[in-house]
Amino acid sequence: QVQLVQSGGGLVQAGGSLRLSCQASGRTFSSYAVAMGWFRQAPGKEREFVASMRWAGGSTYYSDSVKGRFAISRDIRKNAVYLQMNSLRPEDTAVYYCAAQVQGADSYGYWGQGTQVTVSS
């Protein structure tokens, strides 16, 4: 079993920055992790993809809405993934979730508890 624990988030004015963290449990996580990603869900909307990173090679992917403003990174030794969010906009307001995909799975099967990000105008 993989447990993902998130931290960070909060309230920030438009144009500001926030950093989200997500740590996976288990000393052997890196041996079977395939990718980690960030998703978000705004009130009344479906959950949407934000960014992801291949665990082994480090390739990154972003949604068009955050490209150039957000950056995903990882610390393999800590089994952690981060989301640096810059130039935040009110439309970035949402609950953000980290997720992990492991070997043998074709999708993200493990999710963090979610953290609220609110951007005021």
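Not measured: the values here are computed from a predicted model.
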**Request:** List the steps, then state whether side chain to side chain contact (heavy atoms under 4.5 Å, CB included) holds for R40 with V95.
**Result:** CA-CA 5 Å; R40 67 187 182 186; V95 177; over 6 Å; no
**Request:** Begin from the C-alpha positions of S63 and F70 and carry the test side chain to side chain contact (heavy atoms under 4.5 Å, CB included) through to its verdict.
**Result:** CA-CA 10 Å; S63 68; F70 291 11; over 6 Å; no
**Item:** Full working for side chain to side chain contact (heavy atoms under 4.5 Å, CB included) between Q23 and D75
**Value:** CA-CA 9 Å; Q23 185 153 5; D75 186 329; over 6 Å; no
**Request:** May I ask you to decide if the ring planes of Y97 and W111 are parallel, tilted or perpendicular, using 30° and 60° as cut-offs?
**Result:** perpendicular
**Item:** Electrostatic pair D64-K67, nearest N-O below 4.0 angstrom
**Value:** yes
**Request:** Check whether the side chains of T118 and Q116 place a donor and an acceptor atom closer than 3.5 Å, and report yes or no.
**Result:** yes
**Message:** For G9 versus L20, what's the shortest heavy-atom pair and its separation?
**Reply:** N-CD2, 3.2 Å
**Asked** So do the side chains of L18 and V117 get within less than 4.5 Å of each other, counting heavy atoms only?
**Response** yes
**Request:** Please name the pair of heavy atoms, one in Q41 and one in K45, separated by the smallest distance, quoted to 0.1 Å.
**Result:** NE2-O, 3.1 Å
**Prompt:** Just by distance, do the side chain of T93 and the backbone of V119 share a donor-acceptor pair under 3.5 Å?
**Reply:** yes
**Asked** Mind checking what makes side-chain hydrogen bond (donor to acceptor under 3.5 Å, both in side chains) contact with S73, not counting sequence neighbours?
**Response** none
**Prompt:** Any link between Y108 and V66 through a network of hydrophobic side chains (Ile, Leu, Val, Met, Phe, Trp, Tyr) touching at under 4.5 Å?
**Reply:** no
**Joint cluster assignment, M53 & Y110, ILVMFWY side-chain distance < 4.5 Å** = yes
**Asked** Taking all non-hydrogen atoms of both residues, which atom of S31 and which atom of Q103 are closest, and how far apart?
**Response** O-NE2, 3.2 Å
**Asked** Honestly curious: do I76 and M36 fall in one hydrophobic cluster under the side-chain, below-4.5 Å linking rule?
**Response** yes
**Contact check, side chains of S17 and Q84, non-hydrogen atoms, under 4.5 Å** = yes
**Expected output: side-chain S121 to main-chain P90 donor-acceptor under 3.5 Å** = no
**Asked** Taking only residues two or more places apart in sequence, or in another chain, which ones meet F49 in a ring-ring contact (aromatic ring centres under 6.0 Å, His included)?
**Response** F39
**S52 vs Y62 side-chain heavy atoms within contact, under 4.5 Å** = no
**Asked** Closest heavy-atom contact between C22 and L4?
**Response** SG-CB, 3.9 Å
**Prompt:** Hey, are W55 and S30 close enough side-chain-wise for a donor-acceptor pair under 3.5 Å?
**Reply:** yes
**Request:** State yes or no: do Y61 and L83 share one hydrophobic cluster built from I, L, V, M, F, W and Y residues joined by side-chain heavy-atom distances below 4.5 Å, directly or via other members?
**Result:** no
**Between OG on residue S25 and CD on residue Q3, distance to nearest 0.5 Å** = 5.0 Å
**Request:** Taking the side chain as every heavy atom from C-beta outward, state whether Y96 and V50 have any atom pair closer than 4.5 Å.
**Result:** yes
**Request:** Please check if W38 and V34 belong to a single hydrophobic cluster, counting links between Ile, Leu, Val, Met, Phe, Trp and Tyr side chain heavy atoms closer than 4.5 Å.
**Result:** no
**Message:** Side chains of D92 and R69, heavy atoms from C-beta outward: is any pair under 4.5 Å?
**Reply:** yes
**Request:** May I ask you to check if R19 and Y82 form a cation-pi contact, with NZ or CZ under 6.0 angstrom from the six-membered ring centre and within 45° of the axis?
**Result:** yes
**Asked** Does any N or O in the side chain of Q6 come within less than 3.5 Å of the main-chain N or O of C98, such that one atom is a donor and the other an acceptor?
**Response** yes
